[in-house]
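Let me begin by presenting the structure, written as structure tokens, before commenting on it.
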Protein chains: 2
Amino acid sequence: VIRVDELHKHFTMGDTTVRALDGVSFTIAKGCFVAIMGPSGSGKTTLLDILGCLSRPTTGEYWLAGDKVSNLSDRQLARVRNHEIGFVFQNFNLLARSSAQVNVELPLFYDGVARRDRTRRAREALTAVGLGDRFHHCPNELSGGQRQRVAIARALINSPSIIFADEPTGNLDSASGNSIMKLFKDLHEKGHTIVMVTHEREIAEHAERIMSFRDGRLVTDEWLHQN
Amino acid sequence: VIRVDELHKHFTMGDTTVRALDGVSFTIAKGCFVAIMGPSGSGKTTLLDILGCLSRPTTGEYWLAGDKVSNLSDRQLARVRNHEIGFVFQNFNLLARSSAQVNVELPLFYDGVARRDRTRRAREALTAVGLGDRFHHCPNELSGGQRQRVAIARALINSPSIIFADEPTGNLDSASGNSIMKLFKDLHEKGHTIVMVTHEREIAEHAERIMSFRDGRLVTDEWLHQN
Ligand SMILES: Nc1ncnc2c1ncn2[C@@H]1O[C@H](COP(=O)(O)OP(=O)(O)OP(=O)(O)O)[C@@H](O)[C@H]1O
Ligand SMILES: Nc1ncnc2c1ncn2[C@@H]1O[C@H](COP(=O)(O)OP(=O)(O)OP(=O)(O)O)[C@@H](O)[C@H]1O
Ligand SMILES: [Mg+2]
Ligand SMILES: [Mg+2]
């Protein structure tokens with residue numbers, strides 16, 4: 001469902017060029033659960049942003065569910081981002097002046113879902129990540145790991161077929177982290193495709209496959225034997 | 001050098017009260033390296049903010065280097081915060097429109113340090129955390145782990161005697177995380193006191209002592225045998 005060919009992403013600053021992605025090619029089958037690892041600064045977020053249709057590569061092609069993404073109109077891209085894809089950001093990107101519940105309702109609000117259904121579904125999603133008693137807290141009234149879980153709940157609310165998660169357990173203790181992994185594995189068993197960046201090997205081992213990056217390149221691609 | 005007695009911190013929201021800290025007492029000797037662990041939402045950041053003189057408890061007392069913190073004037077508190085304490089925030093708190101170098105120079109700028117010295121020292125601090133080629137990048141031009149390392153460099157620039165670090169390796173791969181731990185251990189050997197929140201046991205084991213929290217209370221206090 002995901003195929004990339006010779007992706008490059010450069011940032012030019014004055015007379016230096018940062019090669020954030022330096023020729024990346026791979027495919028991910030529908031329904032696969034993949035972990036992405038690699039050192040800080042190796043290009044993981046840059047790659048995830050391109051896969052999530054949030055940014056474009058400098059050169060190279062990306063096919064999503066058979067469509068060449070560079071050929072999609074802005075309107076088609078917006079539809080993909082809102083309905084096909086759920087994105088958990090490394091820095092959460094929550095609305096600072098809105099409660100956890102309003103933050104999670106946002107994708108449903110844009111879809112024109114009726115208020116009573118929005119509220120019910122947002123509260124279910126928050127309860128599923130252990131925040132059943134935090135609906136009305138705003139981000140600055142939540143712990144770091146609680147904000148992270150609001151970001152996860154918001155990404156999953158539309159039950160998107162593809163989930164991109166950038167360090168979803170970076171601020172979570174092992175029990176909370178395992179409960180998020182259980183949530184992801186349940187979605188995986190239902191057929192969702194999951195691409196998750198993590199720096200923790202124990203979290204990566206919940207996936208079927210680990211792709212490791214260094215200096216903007218894919219250096220190892222390992223398939224794990226799941227029990 | 002740090003002593004707390006029956007610390008309580010409540011947040012009242014409408015008719016519910018969140019007991020973020022529910023009666024915490026302990027002492028930390030000068031020059032000790034302590035790790036703080038516990039589930040998401042257990043009160044770790046709330047505690048660290050009080051120890052770092054960034055917030056006040058609802059009830060209870062805190063003595064820092066012999067002074068009762070509740071008796072210090074705003075001016076004395078500001079001096080302590082700027083010179084005695086270095087604080088690495090869980091969400092970094094960087095200036096979004098300033099480069100890595102300017103962010104790290106900030107404490108020196110407030111101290112009236114001459115520009116040439118500020119620049120030299122900020123660049124040394126950034127190089128020590130592996131960002132020698134990122135001086136002029138702004139936070140949105142840096143990876144998550146790079147922003148985290150800018151926050152660490154800024155906290156250490158004044159060589160403060162007490163360092164508080166809230167999840168300093170949450171966004172770092174194991175190699176970068178280990179290199180930050182090496183930096184902390186070097187400072188510890190020079191006599192600095194370090195109090196570090198982490199959710200990763202392997203990181204916590206670099207410390208001499210691990211205090212574990214749950215629901216706003218200290219539940220275990222273990223001394224590790226260092227090799
Ligand atoms: N301003 C606030 N108003 C209401 N509740 C708050 C406020 N700040 C924090 N809390 C609550 O206090 C509790 C402790 O928060 P704290 O940030 O100390 O947790 P933590 O241990 O650092 O968690 P994490 O590991 O997720 O960072 C949380 O349950 C949080 O929801
Ligand atoms: N807008 C930008 N301008 C210049 N350089 C950038 C920009 N965005 C990212 N970079 C650089 O591109 C490289 C890759 O960044 P990226 O965020 O993809 O890393 P990452 O693998 O996600 O790292 P981390 O594990 O620390 O989150 C980094 O070295 C970073 O400094
Ligand atoms: Mg990243
Ligand atoms: Mg915290």
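Please read all numbers here as calculations on a predicted model, not as lab measurements. Proteins get letters first, then strands, A, B, ... in listed order; numbering begins at 1 in each. As a basis for the values below, the full set of heavy atoms in this structure was taken, side chains included, without hydrogen atoms, waters or symmetry mates.
Ranked by non-hydrogen atom pairs under 4.5 Å with chain B, the options A:T45, A:T16, A:L172 are led by A:L172. Of the residues considered (B:L142, B:V18, B:T46), B:V18 shows the highest number of contacts with chain A, using heavy-atom pairs under 4.5 Å. Of the residues considered (A:G177, A:G41, A:S176, A:S174), A:G41 shows the highest number of contacts with chain B, using heavy-atom pairs under 4.5 Å. In terms of heavy-atom pairs under 4.5 angstrom with chain A, the leader among B:Q148, B:H137, B:E202 is B:H137. By number of non-hydrogen pairs under 4.5 angstrom with chain B, the leading residue of A:E200, A:R147, A:E141 is A:E200. The most heavy-atom pairs under 4.5 Å with chain B, out of A:G170, A:S42, A:G43, come from A:G170. Counting heavy-atom pairs under 4.5 Å between each of A:S40, A:A20, A:G145 and chain B puts A:S40 at the top.
Atom CG of A:D74 has 12 or fewer heavy atoms from other residues, nucleotides or ligands within 6.0 Å. In B:R217, the CZ atom is not crowded: 12 or fewer heavy atoms of neighbouring residues, nucleotides or ligands sit closer than 6.0 Å. Residue B:R123 places its CZ atom among more than 12 non-hydrogen atoms of other residues, nucleotides or ligands, all under 6.0 Å distant. In B:D215, the CG atom is not crowded: 12 or fewer heavy atoms of neighbouring residues, nucleotides or ligands sit closer than 6.0 Å. Counting heavy-atom neighbours within 6.0 Å of B:D186 CG, excluding the residue itself, gives a total above 12.
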(Q) Does A:H199 form a side-chain contact (heavy atoms from CB on, under 4.5 Å) with B:N171? I'd like the steps, not just the answer. (A) CA-CA 7 Å; A:H199 72 262; B:N171 283 286; 5.6 Å; no
Q) Between B:D173 and A:K44, does a side-chain contact (heavy atoms from CB on, under 4.5 Å) hold up when you go through it step by step? A) CA-CA 12 Å; B:D173 57 284; A:K44 309 180 295 296; 6.0 Å; no
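Using a 4.5 Å cut-off between heavy atoms, A:Q146 contacts chain B through both its backbone and its side chain. Only the side chain of B:R134 comes within contact range of chain A, judged by heavy atoms closer than 4.5 Å. Contact annotation for A:R149: only side-chain heavy atoms (C-beta onward) come within less than 4.5 Å of a heavy atom of chain B. Interface residue A:H136: only backbone heavy atoms are found under 4.5 Å from chain B. Only the backbone of A:T169 comes within contact range of chain B, with heavy atoms under 4.5 Å apart.
Qualifying side chain to side chain donor-acceptor pair (under 3.5 Å) partners for B:E105, counting only residues two or more places apart in sequence or in other chains: B:Q101, B:R118, B:T119.
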